[in-house]
Amino acid sequence: MDEDILYHLDLGTKTHNLPAMFGDVKFVCVGGSPNRMKAFAQFMHKELRLEGDGEDIEDICAGTDRYCMFKTGPVLSVSHGMGIPSISIMLHELIKLLHHAHCCDVTIIRIGTSGGIGIAPGSVVITDTAVDSFFKPRFEQVILDNVVTRSTELDKELANDLFNCSREIPNVPTLIGHTMCTYDFYEGQGRLDGALCSFSREKKLDYLKRAYRAGVRNIEMESTVFAAMCGLCGLRAAVVCVTLLDRLESDQINLSHDVLVEYQQRPQLLISNFIKKQLGLCDQMS
Ligand SMILES: O=P(O)(O)O[C@@H]1C[C@H](O)[C@@H](CO)O1
Ligand SMILES: O=c1cc[nH]c(=O)[nH]1
């Protein structure tokens with residue numbers, strides 16, 4: 001293409017010098033919420049001891065309200081909205097951006113929230129394999145009128161490195177497990193409290209217990225397409241999500257604002273420590 005317009009990011013190869021803007025990016029962290037990703041960028045700014053206080057950090061995608069993007073040194077922090085279609089669009093444009101910017105050796109990590117199964121709320125799950133609603137390690141993409149099945153394996157070495165890093169963070173239970181990715185938050189995750197519900201409490205618990213026996217420890221809504229796209233494009237990828245509740249106990253998320261904020265910081269702390277280690281800044285561990 002003579003020109004590539006990354007429409008949903010409000011960036012383009014003719015309007016922006018992408019190598020100058022992004023050529024030094026080594027870590028990309030993505031998550032659903034714009035505020036969370038801004039807070040992560042500000043946190044990384046402090047952790048990397050960059051100049052200034054980082055409070056006035058600029059949203060690179062301010063020209064669109066679809067996604068937001070912040071850069072702190074070699075770390076890019078990008079929001080992706082909720083669900084597979086939303087993250088998929090962002091990833092297409094982000095991966096092209098990294099290509100146009102000539103970035104190399106990039107590690108990409110989704111830092112999110114999730115519902116746990118059989119584990120304490122507040123636990124952090126590092127995904128070894130993302131599975132679909134049938135507990136299968138696959139992502140089915142409809143392309144033209146074909147269903148194309150793609151692998152959802154994630155980088156095992158990266159998951160283990162992250163797990164080892166987590167041992168140095170006190171009071172945050174962290175484990176490696178399968179993550180189930182669904183197309184919906186309510187019926188799609190076996191919730192009884194949506195506007196629609198077509199199954200009994202017994203059926204819900206039977207499903208979630210079967211998921212647990214299949215190795216699933218948490219449920220969210222982006223990991224399969226994230227793993228599939230990053231894997232096919234050669235990006236080292238990981239998914240690290242905190243659990244907000246135990247789905248065997250309840251469906252409603254009734255955490256106080258402060259607890260919710262603290263839980264959401266847990267994956268951020270782990271990833272910040274990991275990045276600092278990778279950059280040789282281990283003496284600055286939080
Ligand atoms: O990255 P976040 O925490 O937004 O991801 C999970 C999965 C859904 O997008 C959303 C549902 O509340 O949270
Ligand atoms: O239960 C939950 C909590 C957060 N995100 C989800 O997708 N499910």
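Numbers here simply count residues along the sequence, with the first being 1. Each ligand, and each atom within it, is numbered from 1 in the order the structure gives.
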Say whether Q264 and ligand 1 are in contact under the criterion: heavy-atom distance to a ligand atom below 4.0 Å.
no
Does one hydrophobic cluster hold both L208 and L192, with members joined at side-chain heavy-atom distances below 4.5 Å?
no
Are the side chain of D246 and the backbone of G118 linked by a donor-acceptor contact shorter than 3.5 Å?
yes
Suppose I only count heavy atoms of F185 and a 4.0 Å limit; which atoms of ligand 1 are within that range?
11 (C), 12 (O)
Is the backbone N or O of G52 less than 3.5 Å from a side-chain atom of H45, with the two atoms forming a donor-acceptor pair by type?
yes
Could you identify the single nearest non-hydrogen protein atom to atom 10 (C) of ligand 1 and state the distance to 0.1 Å?
M82 SD, 3.8 Å
Looking only at the side chains, is there a donor atom on one of S198 and E187 sitting less than 3.5 Å from an acceptor on the other?
yes
So, D105 and R236, do they make that salt bridge, N to O below 4.0 Å?
no
One finds that the ligand 1 atoms under 4.0 Å from a non-hydrogen atom of G32 are 1 (O), 2 (P), 4 (O)
Which of the numbered atoms in ligand 1 are under 4.0 angstrom from any heavy atom belonging to G112?
1 (O), 3 (O)
Short side-chain to backbone donor-acceptor contact, K71 and G73, under 3.5 Å:
yes
Which heavy atom of the protein is the closest neighbour of atom 13 (O) of ligand 1, given with residue, atom name and distance?
T113 OG1, 3.3 Å
Shell of residues surrounding ligand 2, defined by a 4.0 angstrom heavy-atom cut-off that is strict:
T113, S114, G115, F185, Q189, R191, I219, E220, M221, L245, I253
N/O donor-acceptor pair under 3.5 Å between S114 side chain and V242 backbone
yes
ILVMFWY clustering at 4.5 Å (side-chain atoms), partners of V148:
I143, L144
